Amino acid sequence: PAIVAIVLALGVTRMSKNNAIVKKLPSVETLGSVNVICSDKTGTLTQNKMTVVKTYTYENMHQLDADSDHIDSNESEQMLIKSLVLCSDATANANKTTGDPTEIAFVVYGNKVGMTKEALNAKFPRVSERPFDSDRKLMSTCNQEGDQFVIHTKGAVDNLLKVSNRVYLNGEVVALTDALRQEFLSHVESMSNEALRVLGAAYKFIDHV
């Protein structure tokens, strides 16, 4: 045991000289038998933050200026960001951000289009929520909107398309056809090929909770 501890300690020392910090000695032994390391880079490794750089609504792929303090948006994009912001637990202002990096990115995006989380929460108070889980790959919140309630959901686009039967197109709600599903999935694939993390949003009006 003493020899093993010494050898592992020497390994940790050598790795530290190459800017690799290992907290647990046995990890050195594991790393010594690794041939290939695969990692999923989302951007958090470099700047510790994520940013909305592109949005897609029907027939409108919008490339965003991440450095701009104000972003113009059309009606469909405003519906999108409304659901994304309301269905988030993060907060973000000029002084401080809290929460999941992805949700922070949505809240910051909302701030840039003039739809702050504070204003939306005040106008559409949250009644209940269903947290994200790995089976659904979705998160949902229920918000009061006048005399009705609205379920806002965000998460994996393919899972959203499986449970959706209508789509918001050019100011109208129409039936979600197989052709439209394939069109949305093709755009998701093209965005994923650009190393972007792609999430979708949906909403549904209900009469009671």
Side-chain angles (χ1 to χ4, degrees), residues 50-66 68 70-88 90 102-103 105-117 119-130 132 136-209:
M50 299 187 73
T51 306
V52 179
V53 297
K54 184 178 288 188
T55 63
Y56 176 76
T57 54
Y58 183 64
E59 294 185 339
N60 179 34
M61 184 69 76
H62 189 181
Q63 184 74 44
L64 307 178
D65 183 359
S68 175
H70 175 75
I71 297 176
D72 294 326
S73 60
N74 59 35
E75 183 181 359
S76 295
E77 290 171 327
Q78 290 174 7
M79 295 289 291
L80 171 66
I81 194 61
K82 175 183 175 182
S83 289
L84 290 175
V85 173
L86 286 174
C87 191
S88 296
T102 302
E103 293 192 346
F106 295 147
V107 176
V108 171
Y109 176 37
N111 293 341
K112 291 181 178 181
V113 300
M115 301 175 67
T116 66
K117 183 173 178 63
L120 288 176
N121 282 344
K123 188 175 182 179
F124 311 111
R126 183 182 298 188
V127 177
S128 62
E129 68 177 84
R130 184 173 179 181
F132 175 88
R136 291 178 72 227
K137 295 183 179 180
L138 303 171
M139 173 186 175
S140 301
T141 62
C142 179
N143 298 77
Q144 187 169 359
E145 192 163 322
D147 296 331
Q148 293 182 301
F149 299 91
V150 183
I151 304 295
H152 294 280
T153 302
K154 75 173 190 306
V157 178
D158 53 343
N159 285 30
L160 278 175
L161 291 174
K162 290 178 184 178
V163 297
S164 300
N165 55 22
R166 289 175 292 176
V167 61
Y168 187 84
L169 298 183
N170 303 321
E172 294 185 55
V173 177
V174 300
L176 178 59
T177 63
D178 290 337
L180 286 172
R181 282 191 175 90
Q182 290 303 316
E183 181 176 345
F184 292 139
L185 289 174
S186 67
H187 285 291
V188 169
E189 183 177 0
S190 67
M191 295 169 76
S192 297
N193 290 337
E194 298 176 27
L196 298 178
R197 184 176 186 184
V198 185
L199 279 79
Y203 72 94
K204 176 183 179 180
F205 280 93
I206 58 176
D207 294 327
H208 55 84
V209 180

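Only this structure's heavy atoms are used, side chains among them; waters, hydrogens and symmetry mates stay out. Computed from a prediction, not measured in an experiment: that's the story for all the values here.
Contact record, F106 with I81: O-CD1, 3.5 Å, taken as the closest heavy-atom pair. In plain terms, the two heavy atoms of N159 and R136 that are nearest each other are ND2-O, 2.6 Å.
No donor-acceptor pair under 3.5 Å is formed between the side chain of S164 and the backbone N or O of L161. With hydrogens and angles disregarded, a donor-acceptor distance shorter than 3.5 Å links the side chain of E77 to the backbone of N74. Counting only distance, with no hydrogens or angles, the side chain of S68 and the backbone of I71 share no donor-acceptor pair below 3.5 Å. Distance alone, capped at 3.5 Å, places no donor-acceptor pair between the K154 side chain and the L199 backbone. Listed for the K117 side chain is a donor-acceptor partner under 3.5 Å among the backbone atoms of S88. Looking only at distances, no side-chain donor or acceptor of R126 sits under 3.5 Å from a matching main-chain atom of N121.
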For this session: Determine, step by step, whether L169 and L180 satisfy the side chain to side chain contact (heavy atoms under 4.5 Å, CB included) criterion, reporting the C-alpha distance in whole Å, the side-chain angles of both residues, the deciding distance to 0.1 Å, and the verdict.
Result: CA-CA 10 Å; L169 298 183; L180 286 172; 4.0 Å; yes
Exercise. Can you list the steps and then say if H152 with N143 is a side chain to side chain contact (heavy atoms under 4.5 Å, CB included)?
Worked result: CA-CA 8 Å; H152 294 280; N143 298 77; 3.6 Å; yes
Exercise. Yes or no on side chain to side chain contact (heavy atoms under 4.5 Å, CB included) for T51 and V108, after CA distance, side-chain angles and deciding distance?
Worked result: CA-CA 8 Å; T51 306; V108 171; over 6 Å; no
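Looking only at side-chain heavy atoms (C-beta outward), L84 and V52 stay at 4.5 Å or farther from each other. M115 has its side chain within reach of L120: a pair of non-hydrogen atoms, C-beta onward, lies under 4.5 Å apart. Using a 4.5 Å cut-off on side-chain heavy atoms (C-beta onward), I206 and C142 make contact. Residues L160 and L138 have side chains in contact (heavy-atom distance under 4.5 Å, counting atoms from C-beta outward). Using a 4.5 Å heavy-atom threshold, the side chains of V127 and F149 count as touching. Contact of the H70 side chain with the K112 side chain is not registered, since no non-hydrogen atoms from C-beta on lie closer than 4.5 Å.
Atom CD of E189 and atom CD of Q182 lie 10.0 Å apart (nearest 0.5 Å). Here the OG1-CZ distance, from T57 to F184, works out to 8.5 Å after rounding to the nearest 0.5 Å. The OG atom of S83 sits 10.0 Å away from the CZ atom of F124 when rounded to the nearest 0.5 Å. In this structure, SG on C87 lies 8.5 Å from CD on E129, to the nearest 0.5 angstrom. Here the NE2-OH distance, from H62 to Y56, works out to 14.5 Å after rounding to the nearest 0.5 Å. Note that CG of L86 and OG of S140 are 12.5 Å apart. Values are rounded to the nearest 0.5 Å.
Taking the ring axis of Y203 as reference, the NZ or CZ atom of K82 does not stay both within 45° of it and closer than 6.0 Å to the ring centre.
Residue pairs satisfying the side chain to side chain donor-acceptor pair (under 3.5 Å) criterion with at least one member in residues 166-175, sequence neighbours excluded, are listed as follows: E75-Y168.
Atom NZ of K123 has 12 or fewer heavy atoms from other residues, nucleotides or ligands within 6.0 Å.
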